[in-house]
There are 2 protein chains.
Amino acid sequence: MTLKGVISLPQICDRACQTCLDKLCTHKIPLFSALPFEALTEIATQIEHTEYPAGSVIIPLGTVSSSVTIISGGQAKACRYSADGREQILYIFSEGDFFGEQHLLSASETPYQVEALTDTRICQLSRQALNQLIIRHPELALQLIQDLTLRLGRLEQAIQTMGGRSIDARISTTLLDFAERYGRVRSDGIHVTLPLSREGLASYIGIARETISRKLGQLENDGIIESRGHRGLRIIRIDTLRTLAE
Amino acid sequence: MTLKGVISLPQICDRACQTCLDKLCTHKIPLFSALPFEALTEIATQIEHTEYPAGSVIIPLGTVSSSVTIISGGQAKACRYSADGREQILYIFSEGDFFGEQHLLSASETPYQVEALTDTRICQLSRQALNQLIIRHPELALQLIQDLTLRLGRLEQAIQTMGGRSIDARISTTLLDFAERYGRVRSDGIHVTLPLSREGLASYIGIARETISRKLGQLENDGIIESRGHRGLRIIRIDTLRTLAE
DNA sequence: GAAAAGATGTGATTGATGTCACATCTCTTC
DNA sequence: GAAGAGATGTGACATCAATCACATCTTTTC
């Protein structure tokens, strides 16, 4: 955790100690990165924090809310369920990601359920508070627009991948995406801790669990990846994976 | 057939008469709906207008741009091409829709090619101009955020539909979507002029052209829709279609 | 560390969709 | 309004992923 040029934090304690800084989730949130220091401490007082254990539901489907939620620790999935009960995972949220931007202009129903994948801490900021912040700090609006734009771009990419007929390309794209977000480069390849089980991967990619198993098995046979337990993965030949992803 | 030219208000006439106001694309654009009258005329002087004939390329793939583009008339498709040449249509833009929001913070490559489906008029506003507008009119930022949020919601819906296994659901959803956007309610059902050919529908939905033909034929046999020439469609039993879409 | 619970791997089978080839229909153009 | 170009419909076939059923492997729990 990098802290540079940080001044004092009178509200919390009388000096900028590590403990207090860690409590300020605003420092970890890219959305607020463009704001001046004083604004961050100001925001911090308006934020409501909550913790959820792994597996619990953070936002039940159909909740009417007027808050924007930011993940300040852990991972969560956003998903919808179709009439026959099939789950479709839309996003994997990690530290720093936010959702609920649709409530910014008016309270409304959340379009997806959010569930904790690991123990998760969230910060919630009310519509009113965020709107006031935007009016006082227009650069926050620009940052928000940029973040939304990035997300749009990712969804556009996802739609192209899902629209294409090749399941292999979808899987390769997903693995590359996870490698980039959660991977650690080592001498023998990229080590990734997958955020989802095979079942979860299946819901995310939109195919059957058995198909994921078979396809990953195939990739392992071809020496492209190595499975290390249920959530572990080592990517051996990332260039080959990139080729498969097209 | 491409005529460029900047239109400033005085060039049209010397006062704000209704006829001239109608020519100001700023009045037709939802994105600007929250702005005061003076701002609209101010924006109008900074906009560059261009026309494109049906079938022409408005934004070639890979264009580096720093403008936001608004469709002020006609329809266009945004599409990507995969390595094997398959087209994936991401959006159908109609009057009032905009794209290029990714260029708002820095000039960048367009992530998709935009092609005119009909004769199309566009308005382009530079990054600098739009940024200045946002700073002077923060409500514009909120409107932009809302529009982006709406688009995100639509893409999320699309991903759920594409992730689900049922092709029938995808087709029904698409038809309902088109009915809502382009349909006219009459006594014998909803008459829709499709913006795309069967080939286009196939690229949009992500399936083979032949499959679309067969599925639409099936829907017609079941008395749910009636095909009227290549682009015409009458939706007879919209409730059944809704059931199929789940 | 052993047992139970849960997740994953795998074979056989089925069905739906892509592909190819070509007939037929629509729309455009002159 | 006739001809041609382009778009669409349709049959046959191959292919690939979903499903079902069950074995096997990991992880968790006590």
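Chain identifiers are assigned alphabetically (A, B, ...) following the order of the sequence lines, protein sequences preceding nucleic acid strands; residue numbering begins at 1 within each chain.
Residue pairs meeting the ring-ring contact (aromatic ring centres under 6.0 Å, His included) criterion with at least one partner in residues 65-88 of chain A, sequence neighbours excluded, do not occur; the list is empty. Applying the ring-ring contact (aromatic ring centres under 6.0 Å, His included) test to residues at least two apart or on different chains, none of the pairs has a partner in residues 225-246 of chain B. Residue pairs meeting the side chain to side chain donor-acceptor pair (under 3.5 Å) criterion with at least one member in residues 56-72 of chain B, sequence neighbours excluded, are B:T69-B:Q124. Residues in residues 164-203 of chain B take part in these ring-ring contact (aromatic ring centres under 6.0 Å, His included) pairs, two or more places apart or across chains: B:F178-B:Y182, B:F178-B:Y204.
Salt-bridge formation is not detected for the pair B:R151/B:D147: no Lys NZ or Arg NE/NH1/NH2 atom is positioned less than 4.0 Å from an Asp or Glu carboxylate oxygen. Between B:E226 and B:R228, at least one side-chain nitrogen of the basic residue sits less than 4.0 Å from a carboxylate oxygen of the acidic one, meeting the salt-bridge criterion.
Helix-axis bend for the helix from C:dG1-D:dC30 to C:dC30-D:dG1: the local axis fitted to the five terminal pairs at one end deviates from that at the other end by 60°, rounded to 10°.
Contacts of A:S203 classified as side chain to side chain donor-acceptor pair (under 3.5 Å), with partners at least two apart in sequence or in another chain: A:E87. Taking B:K215 as the reference, B:D168 meet the salt bridge (charged side-chain N to carboxylate O under 4.0 Å, His left out) condition, with sequence neighbours excluded. The ring pair (Phe, Tyr, Trp, His ring centres under 6.0 Å) test applied to A:Y112 returns A:Y91, not counting sequence neighbours. With sequence neighbours left out, A:F99 forms a ring pair (Phe, Tyr, Trp, His ring centres under 6.0 Å) with A:F93.
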Could you go through nucleotides 27-30 of chain D and list every protein N or O atom that sits under 3.5 Å from one of its N or O atoms, giving the distance for each pair?
residue : atom : partner : partner atom : Å
D:dT27  : OP1  : A:H230  : N            : 3.2

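Boundaries of the chain A contact region on DNA chain C are C:dA7 to C:dT19, first to last in 5' to 3' order (nucleotide atom under 4.0 Å from a heavy atom).
No side-chain donor from either of B:E220 and B:Q218 sits under 3.5 Å from a side-chain acceptor of the other. A donor and an acceptor atom, one from each side chain of B:R80 and A:Q160, are located under 3.5 Å apart.
To the nearest angstrom, P of D:dA18 lies 12 Å from CD1 of B:I167.
The stretch residues 201-220 of chain B touches DNA chain C through B:I207, B:A208, B:E210, B:T211, B:R214, B:K215, each having a heavy atom under 4.0 angstrom from the strand.
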